[in-house]
There are 2 protein chains.
Amino acid sequence: MKKKAVINNTSVCQVRMQAISDTMSILSGKWKFHILGTLIEGNKLGFMDLLREIDGIGTKMLSKELQDLEMNHLVSRTVMNTKPITVEYAITEYGATLSPLIRELAKWGIDYRQSVHGSKGV
Amino acid sequence: MKKKAVINNTSVCQVRMQAISDTMSILSGKWKFHILGTLIEGNKLGFMDLLREIDGIGTKMLSKELQDLEMNHLVSRTVMNTKPITVEYAITEYGATLSPLIRELAKWGIDYRQSVHGSKGV
DNA sequence: AAGGTTAGTTTCCTATTGGAAAGTACTTTC
DNA sequence: GAAAGTACTTTCCAATAGGAAACTAACCTT
């Protein structure tokens with residue numbers, strides 16, 4: 001008698017799995033959450049602002065990740081006609097729908113630190 | 001006059017950034033959320049069960065990711081003394097604290113699909 | 001003309017990720 | 001004794017991710 005997978009064979013679970021893959025592929029990489037988080041905090045930031053805010057990121061990654069996020073309509077890019085050209089990056093209305101997710105992410109990380117340092121060993 | 005980073009220089013934001021890094025490093029990789037999601041759905045699953053449930057994963061990755069999750073106390077591993085040895089993997093109480101995060105992740109992914117297919121273009 | 005600011009791009013290189021396949025080890029069933 | 005099931009580990013390889021540094025390019029200030 002062959003045992004069959006029964007727990008996640010329902011279409012509900014298939015959809016759930018797919019949904020998690022979708023979200024993670026859009027938000028993949030080391031910097032997406034940091035960029036989004038920063039833009040949610042401080043609306044409208046220039047390229048150099050972001051470079052300064054996000055500790056450790058380089059121009060290549062920042063540029064590439066911003067393009068990804070723009071392509072997915074999570075971030076808007078506006079070229080201003082200022083003296084030395086500046087660009088304003090901002091979170092879009094759609095991008096702002098990620099706020100609860102990012103809040104959960106940060107919340108869990110903070111609780112994690114506390115559970116590790118507060119009591120030793122969780 | 002040098003402009004300084006002002007938006008995220010507060011300790012609150014530093015902590016937030018660190019928290020996001022922590023969470024993401026613990027849950028990094030292609031499969032962690034899938035494994036956790038599956039274990040949250042169906043409590044207590046064997047290695048082979050997980051292999052069948054999680055579409056596309058191989059033995060190497062499943063084994064490695066389970067070890068990671070076990071090390072972080074998110075998943076428990078119990079060797080049963082059955083005829084052909086079986087191992088029961090289950091979500092821990094601590095691992096279950098990730099439920100809201102995973103729920104948000106899935107929710108956003110589902111909404112994303114709808115926003116792309118429902119109306120074209122977000 | 002030199003140097004600084006903005007906003008990137010390009011190149012080169014290394015480290016990590018992750019998949020396929022085969023191997024290990026033990027036990028039960030045919 | 002051969003096959004099949006459990007649960008892995010190991011090896012080998014290819015693709016991707018990501019960092020450092022240099023470079024482009026336009027404009028302004030001194």
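Convention: sequence-line order gives letters A, B, ...; per-chain numbering from 1. Only heavy atoms go into these numbers, but all of them, side chains included; no hydrogens, no water, no symmetry mates.
- Following rounding to the nearest Å, B:I85 (CD1) and D:dA4 (P) show an atom-to-atom distance of 22 Å.
- Taking every side-chain heavy atom of B:P84 into account, D:dG5 is the closest of D:dG5, D:dA7, C:dT9.
- A salt bridge is absent between B:E104 and A:R103: the closest approach of a Lys/Arg side-chain nitrogen to an acidic carboxylate oxygen does not fall below 4.0 angstrom.
- Closest approach to the A:Y89 side chain among C:dG8, C:dG19, D:dC8 is made by C:dG8 (side chain taken as heavy atoms from C-beta onward).
- Heavy atoms of B:K64 sit nowhere under 4.0 angstrom from any nucleic acid atom.
- Closest non-hydrogen pair, A:I26 versus B:Y112, comes out as CD1-CZ, 3.3 Å.
- For A:N81 and C:dA7, the CG to P distance is 14 Å, given to the nearest whole Å.
- Nearest to the side-chain atoms of B:V87 among the listed nucleotides D:dC8, C:dG18, C:dA7 stands D:dC8.
- For C:dT9, the OP1/OP2 oxygens have a side-chain nitrogen or oxygen of A:S63 closer than 4.0 Å.
- Atom NZ in B:K30 sits roughly 14 Å away from atom P in D:dA15 (whole-Å rounding).
- In this structure, B:L50 atom CG and D:dC8 atom C1' are separated by 13 Å, rounded to whole Å.
- Under the 3.5 Å distance criterion, with hydrogens and angles disregarded, a donor-acceptor pair is assigned to the side chains of A:T86 and A:T82.
- Rounded to whole Å, atom C1' of D:dT16 lies 13 Å from atom CD of A:E65.
- Note on B:T59: a base of the nucleic acid sits closer than 4.0 angstrom, heavy atoms only.
- The residues B:E41 and A:R16 are annotated as salt-bridged, a charged nitrogen and a carboxylate oxygen being separated by less than 4.0 angstrom.
- Between A:R77 and C:dG8, a side-chain N or O to OP1/OP2 separation shorter than 4.0 Å is present.
- A close approach under 4.0 Å does occur between a side-chain nitrogen or oxygen of B:Q67 and OP1 or OP2 of D:dT9.
- Whole-Å rounding puts the B:M48 CE to D:dC8 C1' distance at 9 Å.
- In terms of polar N and O atoms assigned as donor or acceptor, the side chain of B:K60 comes within less than 3.5 Å of the base of C:dG19 in a complementary pairing.
- To the nearest angstrom, P of C:dT24 lies 18 Å from CZ of B:F47.
- With hydrogens and angles left out, the side-chain atoms of A:H34 and B:S21 include a donor and acceptor closer than 3.5 Å.
- Between the C1' atom of C:dA7 and the CG atom of A:L45 lies a distance of 15 Å, rounded to the nearest Å.
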